[in-house]
Protein chains: 2
Amino acid sequence: MATIKDVAREAKVSIATVSRVINQDDKVRDKTREHVLSVMKALGYQVNVNARALSTQKTATLGLVVPDISDPFFACLAKGVDSIARQHQSQVLLCTAQNSSDSEQQAIDSLLQRRCDGIILYCTHLADSALIDIVQRYSNVVVVARNIPEIAENCIYLDDELGGQLAAEHLLALSHSRFASIMSELPIQDPKLRLSGFKTALDKQALTLTEEQVVYGTPDQLGGEQAVNSLLKNQQTFTALFAYNDAMAIGAISALEEAGFKVPDDISVIGFDDIYLAHYSRPKLTTLHYPVEAIAKHAALLAINKHSNKYSQLDKTVHSHRYQPILVERQSTVFAPTAAPKQSLNESQIERQN
Amino acid sequence: MATIKDVAREAKVSIATVSRVINQDDKVRDKTREHVLSVMKALGYQVNVNARALSTQKTATLGLVVPDISDPFFACLAKGVDSIARQHQSQVLLCTAQNSSDSEQQAIDSLLQRRCDGIILYCTHLADSALIDIVQRYSNVVVVARNIPEIAENCIYLDDELGGQLAAEHLLALSHSRFASIMSELPIQDPKLRLSGFKTALDKQALTLTEEQVVYGTPDQLGGEQAVNSLLKNQQTFTALFAYNDAMAIGAISALEEAGFKVPDDISVIGFDDIYLAHYSRPKLTTLHYPVEAIAKHAALLAINKHSNKYSQLDKTVHSHRYQPILVERQSTVFAPTAAPKQSLNESQIERQN
DNA sequence: ACAAAAAATGTAAACGGTTACATTTTTTTT
DNA sequence: AAAAAAAATGTAACCGTTTACATTTTTTGT
């Protein structure tokens, strides 16, 4: 592949001049510029940005670590990061980490080794202490979906507890009184917080959720199916189910219908995340909207700004690092079966929510 | 960030020795190695792979261009590429191109400028001629989902025409005789080929699909809804609908039910791609399985091999560059309403298909 | 037409690694 | 214990850019 030297030789100028043409420096005569450009074109010259990165100390790269890019939640996260990247003439370097803290640490190291301008992490296994170490050493790293007080400045996250509360309040407003929940078994805060928020809201009405009424599974469709089957096997009765996320909720609905229950007539199901799946499924899912793309953008911007020490673009007073989930009422939740007559939701109201 | 020089100075050895330690060269005394490693750890040293790339001429990077990473089809493509990347100790550099050939060309240029070891392209706007130019100049570029004879060696694609045929044959076997189709409006081959295959199979039974029975739209849920509404507005009657992809099929089902038709009882709908959405939707979609992850892996491997001129790993006799779609029967297609009594599909058969 | 000022171009060092080859140190052989 | 062989380490060139500074060329003013 042609280099700047090849172009310089062919155009009979110095490499400095070629460099000036590449970088649109205006201190070059029009005639020279045109000549150099034509040589570049003839040789199919493409600047080597790795070499440029060496000398400028900027890579125009944003690193992203996620567990699985084929999961639509993370795909949306990637989209948000990508949109900020392109705004900054940068690209996204994608690393998937395979369900272990080793693999996550490796992914992070490889991004550090590439000298990404900013790094955005969605880690499900790495311990807080490891993330604290990393962020304290490399300040352009931003942690998404975790709230670690020691590095609060570099964390962007959702108020999961509030999400749990909103879910419970919604179900309570629909007169439900017997609940169950299926949560992610991963060793992260999210499920604990969502559940704790849920319980808090129940508490206020003197209602409770026992240990038997909560089952853990993998945070996907299959995990949802299995968790519900386990609930049913243990003779749990409930009219409302709070799922860790939409994928589990959809799996749950599948398993419930398989077992002869109608959703939402017999059992209301509420999800979490509001990935576009929620909109495609039948019944359409009532869920808590997770502004993942907004969070991703904020995180990417923050990482870039930390890298260049310019905080100007980010108005801290406008966006807190803690985002709030929003209840989106669709079709999977209705009044409890034995309660007051069902007040059907207005379709246009639902659409307006999106 | 610490450099190799910092480590060398601190450890009182030459940078060559540090380099040997980094690269696990065994020509280093154990004592020296340990000392250097401890200094590296103390300084939090991370090798600069951009600098390394300069001198080794390998970047351990695979470039990928897709229209939209949040689309599950492309997310799966990315997953396939990523899995090959990690097998080769590499990372994926992601570029999204925004619906224009300029934007696609720009994305490709930026990957060339990063000297990716291999580049995988899913382009929906760039002309064949442009792709031919690129591949002929840079042989490590592989084009996915397009069949361009001039660069056949670098193309991995699906037999879309066969897909259309299989769809038609399936619907014909269910005794359907009045058809409609909704296709992507994008200026690529896929929709044309799928439709042409569909028509070919109808022809054999002396059936036809008129121009009025085909409507074009954006290849997503909304496009599917609009296309169906347009069909209905034009008084088209049909018992079977062939959709360009699953997203359009799901939109179509939505619109059909809105208009009072039952799917599949009144109208059978068949999709394309078999993204996991097809499985989540109600009714579950009958569709043509697009082995996108396998194609992605093949493309990535091919790109890497073209780059290193080693073809050993790829056994050409095993995998042709043309992949075949497979019919997956689920719940959105049944016998035509006026035809023989409905023979319901066995659920366990369906599961076995997946 | 000439000097001075301005503009264009060139030179060379740096960026952070790898690696062939030279040199030094250690080990083995006698 | 000295010489030879082997192993470890160091030196320096190179990879492809950018950029401060030096030099040359062109333009301007008189």
Side-chain angles (χ1 to χ4, degrees), chain A residues 1-37 39-40 43-61 89 109-117 138 307, chain B residues 1-37 39-40 43-61 89 109-117 138 307:
Chain A
M1 210 153 164
T3 72
I4 198 171
K5 281 185 195 166
D6 299 328
V7 176
R9 189 179 338 104
E10 190 76 12
K12 296 190 169 54
V13 296
S14 71
I15 58 172
T17 297
V18 178
S19 179
R20 289 188 189 102
V21 172
I22 294 169
N23 296 291
Q24 328 236 37
D25 191 322
D26 52 356
K27 287 179 190 171
V28 53
R29 229 189 302 187
D30 286 354
K31 205 176 142 193
T32 317
R33 184 198 323 282
E34 278 163 33
H35 178 222
V36 170
L37 282 173
V39 170
M40 290 191 341
L43 296 181
Y45 173 76
Q46 295 278 1
V47 67
N48 183 330
V49 297
N50 298 122
R52 170 184 288 168
L54 241 198
S55 95
T56 61
Q57 306 281 42
K58 306 211 164 174
T59 57
T61 304
Q89 287 75 251
D109 283 345
S110 74
L111 292 178
L112 290 170
Q113 292 171 0
R114 286 180 188 269
R115 300 295 189 273
C116 296
D117 293 341
Y138 312 102
H307 182 248
Chain B
M1 210 149 163
T3 73
I4 198 172
K5 281 186 195 164
D6 299 327
V7 176
R9 187 180 338 104
E10 190 76 11
K12 297 190 167 54
V13 296
S14 71
I15 58 172
T17 297
V18 179
S19 179
R20 289 188 189 100
V21 172
I22 294 169
N23 295 291
Q24 328 238 35
D25 191 322
D26 52 357
K27 288 177 190 169
V28 173
R29 229 188 303 185
D30 286 354
K31 204 176 139 192
T32 317
R33 183 199 322 283
E34 278 163 34
H35 179 220
V36 170
L37 282 172
V39 170
M40 288 188 347
L43 296 181
Y45 173 75
Q46 296 277 3
V47 68
N48 183 330
V49 298
N50 299 123
R52 171 184 287 167
L54 241 197
S55 77
T56 62
Q57 306 281 39
K58 307 209 162 176
T59 56
T61 305
Q89 287 75 251
D109 283 346
S110 75
L111 292 178
L112 289 170
Q113 291 171 1
R114 285 178 190 270
R115 300 294 189 272
C116 296
D117 294 340
Y138 313 101
H307 182 250

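For the numbers below, each heavy atom of this structure counts, side chains included, while hydrogens, waters and symmetry mates do not. Chain naming here is simple, since letters A, B, ... match the order of the sequence lines and numbering starts at 1 in each.
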Just checking [X]: base, sugar-phosphate only, or nothing, at a heavy-atom cut-off of under 4.0 Å?
{"X": "A:V47", "answer": "sugar-phosphate"}
{"X": "B:Q113", "answer": "nothing"}
{"X": "B:N23", "answer": "sugar-phosphate"}
{"X": "A:S19", "answer": "base"}
{"X": "B:V13", "answer": "sugar-phosphate"}

Review point. In the strands shown, is C:dT30 matched to any nucleotide by a Watson-Crick or G-U wobble pair with both distances under 3.5 Å, and which?
Key: D:dA1
Point to revise | A:Y45 side chain, from C-beta outward: closest of C:dT18, C:dT19, D:dT17 | key: D:dT17
Revision key, fill the gap. Closest to the side chain of B:S55, out of C:dT9, D:dT17, D:dC15, is D:dC15
Point to revise | For B:N50, the option from A:T59, A:T61, A:L54 that meets side chain to side chain contact (heavy atoms under 4.5 Å, CB included) | key: A:T59
Study note, to complete from the structure: Between B:A51 and B:V28, the residue closer to the 5' end of DNA chain D by nearest nucleotide is B:V28
**Study point:** Which residue lies more 5' along DNA chain D, comparing B:T56 with A:V18 via nearest heavy atoms
**Key:** B:T56
OP1, OP2 of [N] versus side-chain N and O of [X]: anything below 4.0 Å?
{"X": "B:Q57", "N": "C:dT18", "value": "no"}
{"X": "A:R29", "N": "C:dA8", "value": "no"}
{"X": "B:S14", "N": "D:dT11", "value": "no"}
{"X": "B:K58", "N": "D:dC15", "value": "no"}
{"X": "B:T17", "N": "D:dT9", "value": "no"}
{"X": "B:Q46", "N": "C:dG16", "value": "no"}
{"X": "A:T32", "N": "C:dT9", "value": "yes"}

Exercise for review: Check whether the side chains of B:R20 and B:T32 place a donor and an acceptor atom closer than 3.5 Å, and report yes or no.
Suggested key: no
[atom1] of [X] versus [atom2] of [N]: gap in Å, rounded?
{"X": "A:I22", "N": "D:dT19", "atom1": "CD1", "atom2": "P", "result": "11 Å"}
{"X": "B:N50", "N": "D:dC14", "atom1": "CG", "atom2": "P", "result": "22 Å"}
{"X": "A:I15", "N": "C:dG10", "atom1": "CD1", "atom2": "P", "result": "11 Å"}
{"X": "A:K5", "N": "D:dC14", "atom1": "NZ", "atom2": "C1'", "result": "8 Å"}
{"X": "B:D26", "N": "D:dT9", "atom1": "CG", "atom2": "P", "result": "12 Å"}
{"X": "A:L112", "N": "C:dG17", "atom1": "CG", "atom2": "P", "result": "13 Å"}
{"X": "A:R20", "N": "D:dT18", "atom1": "CZ", "atom2": "C1'", "result": "10 Å"}
{"X": "A:I4", "N": "C:dG10", "atom1": "CD1", "atom2": "P", "result": "12 Å"}

Exercise for review: Give a yes or no answer on whether the side chain of B:D25 reaches the backbone of B:K27 with a donor-acceptor pair at less than 3.5 Å.
Suggested key: yes
Review point. Does some side-chain heavy atom of A:V39 sit less than 4.5 Å from a side-chain heavy atom of A:Y45?
Key: no
Point to revise | Validation row: A:D6, A:T3 side chains within 4.5 angstrom (heavy atoms) | key: yes
Review point. Is any side-chain N or O of A:R115 under 3.5 Å from a base N or O of C:dG16, one able to act as donor and the other as acceptor?
Key: no
Review point. Of the non-hydrogen atoms in A:A60 and A:D117, which two are nearest, and what is the gap between them?
Key: N-OD2, 2.9 Å
